[in-house]
Enquirer: 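Mind having a look at this structure? Questions to follow.
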There are 2 protein chains.
Amino acid sequence: MRVLLTEDNEGLANSIVHYFTDNGHAIDWVSSAEKADSILAHDEFDMLILDVNLPGKSGFELLSSLRLRKNPLPVLILTARADIDGRVSALDLGADDYLVKPFDLRELAARCRALAKRERGKSDNEIQCGNLVFNSATKTVKIDDEIIELRPREVQMLELFLTHLDRMLTKDDIANRLYNFGEAYTPNAVEQILTRLRKQIQGSTLIIKTVRGMGYLAHVHD
Amino acid sequence: MRVLLTEDNEGLANSIVHYFTDNGHAIDWVSSAEKADSILAHDEFDMLILDVNLPGKSGFELLSSLRLRKNPLPVLILTARADIDGRVSALDLGADDYLVKPFDLRELAARCRALAKRERGKSDNEIQCGNLVFNSATKTVKIDDEIIELRPREVQMLELFLTHLDRMLTKDDIANRLYNFGEAYTPNAVEQILTRLRKQIQGSTLIIKTVRGMGYLAHVHD
DNA sequence: TTATACCTGTCAGGTTGATGTCAGTTTCGG
DNA sequence: CCGAAACTGACATCAACCTGACAGGTATAA
């Protein structure tokens with residue numbers, strides 16, 4: 001999961017960054033809404049953790065401008081008790097969730113996980129690709145309406161390829177998706193999973209091509 | 001059924017929680033609209049029981065902010081006689097039902113059942129699934145017209161599976177439905193209940209498949 | 001109160017199956 | 001044709017899962 005954290009308190013930001021990194025997520029930190037805005041303009045994230053109380057432009061302003069632009073990025077708001085206006089919930093402003101400081105990091109992580117999951121489940125959780133249909137809710141794969149049983153690792157890998165069609169993925173890119181930070185892995189393990197996945201999806205129009213020395217590339221054939 | 005109760009009177013809240021728990025529902029209790037708001041942000045419930053008279057943000061405010069966000073969650077309002085002129089606006093604000101204090105717990109339970117039923121859009125509260133028929137009002141199960149006696153836990157689990165046919169449910173998904181907030185559980189407890197449920201419903205066309213490493217998936221066989 | 005039945009979680013032992021490793025083979029670029 | 005990279009069958013390991021047995025708790029009746 002790739003997260004953008006917008007928080008002006010450096011100590012708190014550091015703890016969060018550490019915690020997320022340790023748990024195998026990519027997290028970037030900016031200290032103001034303006035910087036967040038400019039990063040969001042050209043980079044993709046899975047979610048935004050946003051402090052409301054920021055120097056300059058406030059978190060709420062950033063949020064509402066995002067929503068005005070119909071940006072559906074999941075946003076989790078961090079607020080101090082004092083920031084709460086009894087009448088208006090952060091949710092009314094378009095946040096997907098919020099947490100009142102002080103909070104437990106594990107709580108924050110759990111909320112983020114839930115949010116990412118919810119988001120994935122929301123939008124038409126079927127990815128079609130030639131004669132192959134992947135349903136992320138049921139974790140099932142069909143080829144020509146025939147159900148294929150995949151193991152968890154294969155599902156992860158397939159999902160990655162399907163969301164990165166026609167893009168080069170290095171073995172490390174793949175491994176980073178399959179393994180948590182700190183977990184050891186060998187290139188061969190990735191190859192093995194790939195072999196198994198290929199065997200399962202043979203007969204589909206999805207081809208995972210090897211680019212020798214570089215990585216892999218999935219595309220639809222015919 | 002999973003219910004969220006928002007009520008600042010601890011004695012009353014306790015009675016309600018007890019009554020609902022005894023009747024096989026999962027019910028969580030919070031004492032303020034703010035807390036309710038925060039829990040609703042990230043957890044799913046089948047309905048909300050909401051006292052209007054709360055310290056801080058009122059029940060009405062919570063309700064209207066929910067509806068502003070197009071949250072269709074069934075809401076049952078609890079009002080004191082003094083608030084009675086508010087009941088018109090309760091329905092206007094998007095409440096689905098209301099009850100004037102003091103009330104009988106059985107009355108409350110009945111209203112909730114009715115509400116949940118209405119929400120499911122069923123004229124009767126029977127779920128049929130192959131040769132298995134589940135009646136959510138009487139909590140009885142029939143297989144080929146033969147009545148099967150299930151224990152409360154098994155009923156909860158069966159109901160969950162029946163309302164989520166052909167969808168993957170992780171052990172955590174299941175546990176969240178079976179256990180109240182804060183209650184501890186082990187994965188094994190879930191497995192045990194499942195073993196017992198499977199034994200009971202063998203002979204039915206409802207199959208609960210294990211998807212190793214992911215969760216469980218219920219579907220109708222043949 | 002005591003006795004009884006029942007529900008449900010825990011424990012422990014057994015089974016299964018996913019997955020990483022190894023080793024031998026194949027493929028590809030230079 | 002050589003060497004490195006990738007492929008893949010076989011295997012071992014270990015976590016996930018299943019389930020019988022048991023025990024603590026609770027409700028019910030005598």
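To find a chain, count down the sequence lines: A is the first, B the second, and so on, and within it residues start at 1. Side chains included, hydrogens not; waters and symmetry mates left out as well; all remaining heavy atoms used.
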Enquirer: Could you state the atom-to-atom distance from CD of B:E191 to P of D:dA16 in whole Å?
Expert: 10 Å
Enquirer: Distance alone, cut at 3.5 Å: any donor-acceptor contact between the side chains of A:N176 and A:Y185?
Expert: no
Enquirer: When you match B:A184 and A:Q156 each to their closest nucleotide on DNA chain C, which lands nearer the 5' end?
Expert: B:A184
Enquirer: Going by heavy atoms closer than 4.0 Å, what residues in residues 203-212 of chain A are next to DNA chain D?
Expert: A:T210, A:R212
Enquirer: Starting at CG of B:D22 and ending at C1' of C:dC7, how long is that distance when rounded to a whole Å?
Expert: 13 Å
Enquirer: Verify whether one side chain among A:Y98 and B:D37 offers a donor that lies under 3.5 Å from an acceptor in the other.
Expert: yes
Enquirer: Classify the side chain of B:Q192 versus the base of C:dT10 as yes if they form a donor-acceptor pair under 3.5 Å and no if they do not.
Expert: yes
Enquirer: Using heavy-atom distances to pick each residue's nearest nucleotide on DNA chain D, tell me which of B:T195 and A:G215 is more 5'.
Expert: A:G215
Enquirer: Does C:dG20 have its OP1 or OP2 closer than 4.0 Å to a side-chain nitrogen or oxygen of A:Y179?
Expert: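 Answer is yes, contact under 4.0 Å.
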Enquirer: Quick one: B:I174 CD1 to D:dC17 C1', roughly how many Å, whole number?
Expert: 13 Å
Enquirer: Classify B:P187 by what it touches in the nucleic acid, base, sugar-phosphate, or nothing, heavy-atom distance under 4.0 Å.
Expert: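 Result for B:P187 = nothing.
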Enquirer: Does B:N188 make a side-chain donor-acceptor contact with the base of C:dT8, cut-off 3.5 Å?
Expert: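 It does not, because no donor-acceptor pair links the side chain of B:N188 to the base of C:dT8 below 3.5 Å.
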Enquirer: Looking only at non-hydrogen atoms, find the nearest pair between A:L206 and A:C129 and report the distance.
Expert: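 Where A:L206 meets A:C129 most closely, the heavy atoms are CD1-SG, 3.6 Å.
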Enquirer: Do you know which of B:D46, B:D28, B:N180 makes side-chain hydrogen bond (donor to acceptor under 3.5 Å, both in side chains) with B:R2?
Expert: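 Going through the options one by one, the only one that passes is B:D28.
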Enquirer: Is a donor-acceptor pair below 3.5 Å formed from side chain B:R196 to base D:dG20, judging by atom type as modelled?
Expert: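 Such a pair does not exist between side chain and base.
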Enquirer: Is B:K199 near enough to D:dG20 that one of its side-chain N or O atoms lies under 4.0 angstrom from OP1 or OP2?
Expert: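 The answer is yes; a side-chain N or O of B:K199 sits under 4.0 Å from OP1 or OP2.
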Enquirer: Regarding B:R153 and the six-membered ring of B:Y179, is the cationic atom NZ or CZ under 6.0 Å from the ring centre and inside 45° of its axis?
Expert: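 Here B:R153 passes the 6.0 Å and 45° test against B:Y179.
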Enquirer: For A:S204 and A:R198, which I'm curious about, is there any donor-acceptor pair between the side chains at under 3.5 Å?
Expert: no
Enquirer: Is the shortest side-chain N/O distance from A:T186 to OP1 or OP2 of C:dT21 below 4.0 Å?
Expert: yes
Enquirer: Can you check the B:E183 CD to C:dG9 C1' distance for me, whole Å?
Expert: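 The answer, rounded to whole Å, is 11 Å.
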Enquirer: Please give, in whole Å, the distance from D:dC7 P to A:Y216 OH?
Expert: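 Distance check: A:Y216 OH to D:dC7 P gives 4 Å.
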Enquirer: May I ask you to check whether B:N131 and B:T205 show a side-chain donor-acceptor distance below 3.5 Å?
Expert: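 Yes, a side-chain donor-acceptor pair sits under 3.5 Å.
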Enquirer: Let me know the distance between CG of B:L178 and P of C:dC7, rounded to the nearest Å.
Expert: 16 Å
Enquirer: Tell me: CD of A:Q202 to P of D:dC7, nearest whole Å?
Expert: 15 Å
Enquirer: I need the CG-C1' distance between B:L194 and D:dC17, as an integer number of Å.
Expert: 10 Å
Enquirer: Evaluate side chain to side chain donor-acceptor pair (under 3.5 Å) for B:K35 paired with B:S31, printing each intermediate quantity in order.
Expert: CA-CA 7 Å; B:K35 288 181 195 149; B:S31 59; 3.2 Å; yes
Enquirer: Check whether any side-chain nitrogen or oxygen of A:K171 sits under 4.0 Å from OP1 or OP2 of D:dA6, and answer yes or no.
Expert: yes
